[in-house]
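Here is the structure we will look at.
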There are 4 protein chains.
Amino acid sequence: MPRVYPEYKTEAKSRILRASLQAFSEKGYDGTTMNDVAKRLGVSKGALYLYFKSKGELFKEICELGPQILVKIMFTSFKDGDLLENAETFFNMMLEQSVWTPNLSFEILSESSRNPTLKKMVKQNYDKTLNTVRAFLEEQKRKGVLKRDLETHQLAMGLVALFDGLMASLLIGTGEAEAKQAWNQTVKAMLHGTLTRASP
Amino acid sequence: MPRVYPEYKTEAKSRILRASLQAFSEKGYDGTTMNDVAKRLGVSKGALYLYFKSKGELFKEICELGPQILVKIMFTSFKDGDLLENAETFFNMMLEQSVWTPNLSFEILSESSRNPTLKKMVKQNYDKTLNTVRAFLEEQKRKGVLKRDLETHQLAMGLVALFDGLMASLLIGTGEAEAKQAWNQTVKAMLHGTLTRASP
Amino acid sequence: MPRVYPEYKTEAKSRILRASLQAFSEKGYDGTTMNDVAKRLGVSKGALYLYFKSKGELFKEICELGPQILVKIMFTSFKDGDLLENAETFFNMMLEQSVWTPNLSFEILSESSRNPTLKKMVKQNYDKTLNTVRAFLEEQKRKGVLKRDLETHQLAMGLVALFDGLMASLLIGTGEAEAKQAWNQTVKAMLHGTLTRASP
Amino acid sequence: MPRVYPEYKTEAKSRILRASLQAFSEKGYDGTTMNDVAKRLGVSKGALYLYFKSKGELFKEICELGPQILVKIMFTSFKDGDLLENAETFFNMMLEQSVWTPNLSFEILSESSRNPTLKKMVKQNYDKTLNTVRAFLEEQKRKGVLKRDLETHQLAMGLVALFDGLMASLLIGTGEAEAKQAWNQTVKAMLHGTLTRASP
DNA sequence: GATGAATGAGCGTTCATTCAT
DNA sequence: AATGAATGAACGCTCATTCAT
């Protein structure tokens, strides 16, 4: 650990973030001790406090990592072309990335319900995601792919919810393959409908 | 607090359950102390242990309350008639019931990822719900309302995920009205599709 | 449990004593809870306090049972006849009686070191035992069986200590047969000596 | 309290051991709280857990101190020369050493009857002591001091039991002088016998 | 910059004892 | 006489945080 160049601090922080992300992911916020994190890094407990004011602060910074990954994958998977294929690619990529875990998402959700600062952050990220999805849907409307009268905001919410809900199901033991199929079929239903011609 | 009649013990348990449900809902599992629960009831900590072996046991019993409510509402809202209307009724009733909170659901989810017993319980409840929804969809297929070739299992997963995801969005500040609309519009999309005729 | 005749209270007490003797013997003083004792009797915790002021009081009364057994066996085993045989009989009978356990003796010893009342009681019982043994030895002196110049008080202490020490060894896993042999051989040594003629 | 030098941790441990030895000796295992020990050292409860995993672990380490003292004294007191004198020296030295107390021995005995790990430890120490004593007796046999046909194992048990029993008597108030005399006279009896020539 | 010993507040849990019934 | 729900004080143990080194 050389200490000469100024990026040192930044790098040290990011190493701590990586280690604690794993810890929080495995043991939850309350279940993770500062000692856990320190041990993963082979560092003393006190050292963590040189870079983060408190456990809460550390967690907060971690919360910011999730959306970054999401956004990146969203932008690489949704391009021109078949909507269903894009959606499938997105879901697969989200499952394949190894940094973030659904555990963490729900850990943050749980925590944010008691922590206003966290809540605001989570809300902002949620809205940003929503807008991205919505903009994409709007574009498809303009292109004539999707129906003119669709409520894109609400459909965006539905898509995000569907995704989040499937992540939750993974947590309780649903297999990844099963979740993928559910995602694909549901998105397909949202595109083509499920009613017979005869239905009103 | 008379202690003569035999239902006393049962009632005492249920009073503790109500109080701790609130506590867990507000502060989460780790954030809730047995003292919190006791104080809400104006009772000593020790008294709780007359009715529940441990904090974990108490939480486990609470976890069983959620699915009961869900099932009841599911059965009263999905009857013959318009699918969309049934879905809307279901969502409204879930929001109106005052016993359960989404917080609690995600608290349980978080906790279950580290507690195998809990996980098994949650998984069983999830599967039960899934089967109920699926059976309903199958029935609609038989009746000719839904298309013949639908993958009802996966659509059921999708519907449950959609619902769960919207509950999550409520937690981070989405308004109930907004969530309702998202639910309605997404379910509608799943029924009628969103593509224009021209799309493939 | 009829409550008419006056011996009722006495019998109830003795039933409690029997049950708690077992409990204390198995789990020690601190390890035994009033609930343990109550459950063994199929009785409520409160009932115990009708007959004994406190856990300590209950224990104290138990402490009085041990010496009674000891004295009885001492008097039946030491009669005229061979000293060594008498000693052997005594040891065997002590091992065969099933009421008292060595555990209890040392539990009492431990407890008495912090409880002056208990200590005084234990001391009195010890002295009584000592005097009995001593009187027996004195008689043997008078009869010409034992040497004239023996310090009977100190030999009595030695004998009692030998016995107590062997009880202790039973507690840590020494077999009963082994302990019996040790007792017999040591008493024999105390009678006949162990030195060769040549020794001074 | 400098914390620089490496022996610091070792010394801290031994300071805790000393303090808790006293505490356990005075109040017994259950009667001693971690707070007691901490207060004796003017230290916080938590500090103890930096050096010992649990109260039980702390006690276990203390249990290992007793035999060390015993063995040391045994080896310094039993040399060539008069057996009776050696025995006397041994007993005096055991009484004079100030580290260990008989209380502690019996506290351990009590505890070990419910704690298998402890029991095994105590048994091993007992056997080691026994073997040492036995080896000494065997040597005396070989030298022609003691009779050829003596059962040294059983006599060793008898001697250890005698010692243990006298330690017990000290606990209930027997004076040290009295105990010494009892020890000396009993050992003497074991050497020279107590029967008159005329006895069979 | 880094350590790790120390703190102190707090947690889950137990249990002898009481007392309304 | 008997119950058993309730108490309250205490215990073993943990951990985020601090600070002398």
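Labels below follow one simple rule: chain letters A, B, ... track the order of the sequence lines, proteins then strands, and each chain is numbered from 1. Values in this document were obtained by computation on a predicted structure and should not be read as measured data.
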Nucleotide F/dT3, atom C1' - distance to NZ of C/K39 in whole Å: 15 Å
Polar side-chain atom of C/S112 near backbone of C/N115 as donor-acceptor pair, under 3.5 Å: no
Exam field: side chain C/T32 to backbone C/A23, donor-acceptor pair closer than 3.5 Å: yes
N/O donor-acceptor pair under 3.5 Å between B/Q68 side chain and B/E64 backbone: yes
Rounded distance (Å) that lies between atom P of E/dT14 and atom CZ of B/F52: 15 Å
Face-on cation placement of D/K55 at D/Y29 ring, 6.0 Å and 45° thresholds: yes
Value in whole Å for how far the P atom of E/dA16 lies from NZ of C/K60: 18 Å
Side-chain donor/acceptor of A/N103 to backbone N/O of A/S25, under 3.5 Å: yes
End-to-end axis angle, where each axis spans five pairs of the helix from E/dA2-F/dT21 to E/dT21-F/dA2, to 10°: 10°
Gap between atoms CD1 and P, on A/I16 and E/dG1 respectively (whole Å): 12 Å
Along DNA chain F (nearest heavy atom to each residue), the more 5'-positioned of D/K53 and B/A12: B/A12
Distance in angstrom units between A/L41 CG and E/dG1 P, rounded: 17 Å
B/K123, NZ: over 12 other non-hydrogen atoms inside 6.0 angstrom: yes
Distance test, side-chain N/O of C/Y51 to OP1/OP2 of F/dA1, below 4.0 Å: no
Whole angstrom value for the distance that separates P of E/dA16 from CD of C/E57: 15 Å
Main-chain N/O of B/V122 paired with B/N125 side-chain donor or acceptor, under 3.5 Å: no
Nucleotides 7-12 of chain E: protein proximity per nucleotide (B base, S sugar-phosphate only, - neither; heavy atom, under 4.0 Å): BB-BSB
Donor-acceptor pair, side chain of C/S110 and main chain of C/E107, under 3.5 angstrom: no
Ring geometry between A/F59 and A/F24 (parallel below 30°, tilted from 30 to 60°, perpendicular above 60°): perpendicular
Interatomic distance where NZ belongs to B/K9 and C1' belongs to F/dA5 [whole Å]: 8 Å
Interatomic distance where CG belongs to B/L58 and P belongs to E/dT13 [whole Å]: 10 Å
